[in-house]
Amino acid sequence: MSTAPTPSNRLPIAIAGATGRMGQMLIEAVLDAPDCVLVGALERSGHARLGEDAAQLVGRSGGCGLTDDLDAALRDARVLIDFTRPIATLQHLEACRARGVAMVIGTTGFTEDERARIDEAARDIPIVLAPNMSVGVNVTLKLLEFAAKALSEGYDIEIIEAHHRHKVDAPSGTALKMGEVIAAATGRDLKACAVFERHGHTGERRTGTIGFATIRGGDIVGDHTVLFAGTGERIEISHKSSSRATYAEGSLRAARFLATRTSGLYDMSDVLGLERLAPSV
């Protein structure tokens, strides 16, 4: 990884998709973090604000210039935080791998083949890949694991997620991760038991399936609820986000975690040490 000197030896971080909603939250978080420094702010070619001080996006100064030059954005970085689209993230992945720059990937919507490329790159660089960087969401995932094991029989499971009108993939990566956690905890294969669509005469609900429902509208940051519906009772476990700031803070925790690693693929459970806290059933 780059060892170029930075102010006070702070962790040098680059951000992809810097002008987007998440990118701006990340810029603000890095600028506010006493142990981090913004050294790269990447945007697509032709963007109207290229060349401007990235800190101006959040009403500040003293950041770095917005650029579409991947080499320039990564030159002094030890970690790239990427919340963009799969095609862009995979381009950034190859550049980071070649330069020994760690990655925090919050992008969702990868195909199986694309995910395999991330797995391969993690042999050479450390990567945190998580559909949701929120500390609260990742604690919720552990709660769901515990609940799914305890409620593995006699309860139908439905996952309901809601996001803003601009989100392009469905179900959300977080909803899918919830499904994966529940399926693993109950000995199921999510590919075999997931139901993503109901329309018309569907017949009775098949036992053992995990249903998904998607809502898109307005400026909803992200709401997720898992319903365990039994006979005579139902249990709901929910997480609701009101600000992207929680994702930004979680991303910085992931970046700090990666600064101590040389390779490997990790998730937020690793970053937060949640395995040590997991209850047994």
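Every heavy atom of this structure was used, including side-chain atoms; hydrogens, water molecules and symmetry mates were not. Residues: numbered from 1 along the sequence shown.
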Asks: List the atom of K149, the atom of A185, and the distance in Å for their closest heavy-atom pair.
Replies: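 It is CG-O, 3.6 Å.
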
Asks: Looking only at the side chains, is there a donor atom on one of T84 and D82 sitting less than 3.5 Å from an acceptor on the other?
Replies: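 On atom types as modelled, these side chains qualify, holding a pair under 3.5 Å.
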
Asks: State the NE2-CG distance between H47 and L66, to the nearest 0.5 angstrom.
Replies: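 It comes to 7.5 Å.
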
Asks: Please check if any side-chain donor atom of E161 sits under 3.5 Å from a side-chain acceptor atom of H163, or the reverse.
Replies: yes

Asks: Rounded at 0.5 Å granularity, tell me how far CG in D119 sits from CG in L129.
Replies: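 Taking CG in D119 and CG in L129, the distance rounds to 8.0 Å.
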
Asks: Is a side-chain donor-acceptor pair under 3.5 Å present for T140 with H224?
Replies: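 Distance-only check fails for H224 and T140.
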
Asks: Is any side-chain heavy atom of L141 closer than 4.5 Å to a side-chain heavy atom of M178?
Replies: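 Yes, their side chains come closer than 4.5 Å.
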
Asks: Kindly determine whether K191 and E112 satisfy salt bridge (charged side-chain N to carboxylate O under 4.0 Å, His left out), including the steps that lead there.
Replies: CA-CA 12 Å; K191 293 179 184 178; E112 289 188 19; 2.7 Å; yes

Asks: Could you tell me the separation between the CG atom of L190 and the OG1 atom of T209, rounded to the nearest 0.5 Å?
Replies: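 One gets 11.0 Å once the value is rounded to the nearest 0.5 Å.
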
Asks: For A14 versus A73, what's the shortest heavy-atom pair and its separation?
Replies: CB-O, 3.5 Å

Asks: Might you point out which heavy atoms bring A147 and I237 nearest each other, and give the distance in Å?
Replies: CB-CD1, 3.8 Å

Asks: So how far is it from I127 CD1 to I118 CD1, rounded to the nearest 0.5 Å?
Replies: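 It comes to 6.5 Å.
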
Asks: Please report the interatomic distance NZ(K142) to CG(L144), rounded to the nearest 0.5 Å.
Replies: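 One gets 10.5 Å once the value is rounded to the nearest 0.5 Å.
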
Asks: Quick one: SG on C64 to CZ on R75, what's the gap to the nearest 0.5 Å?
Replies: 11.5 Å

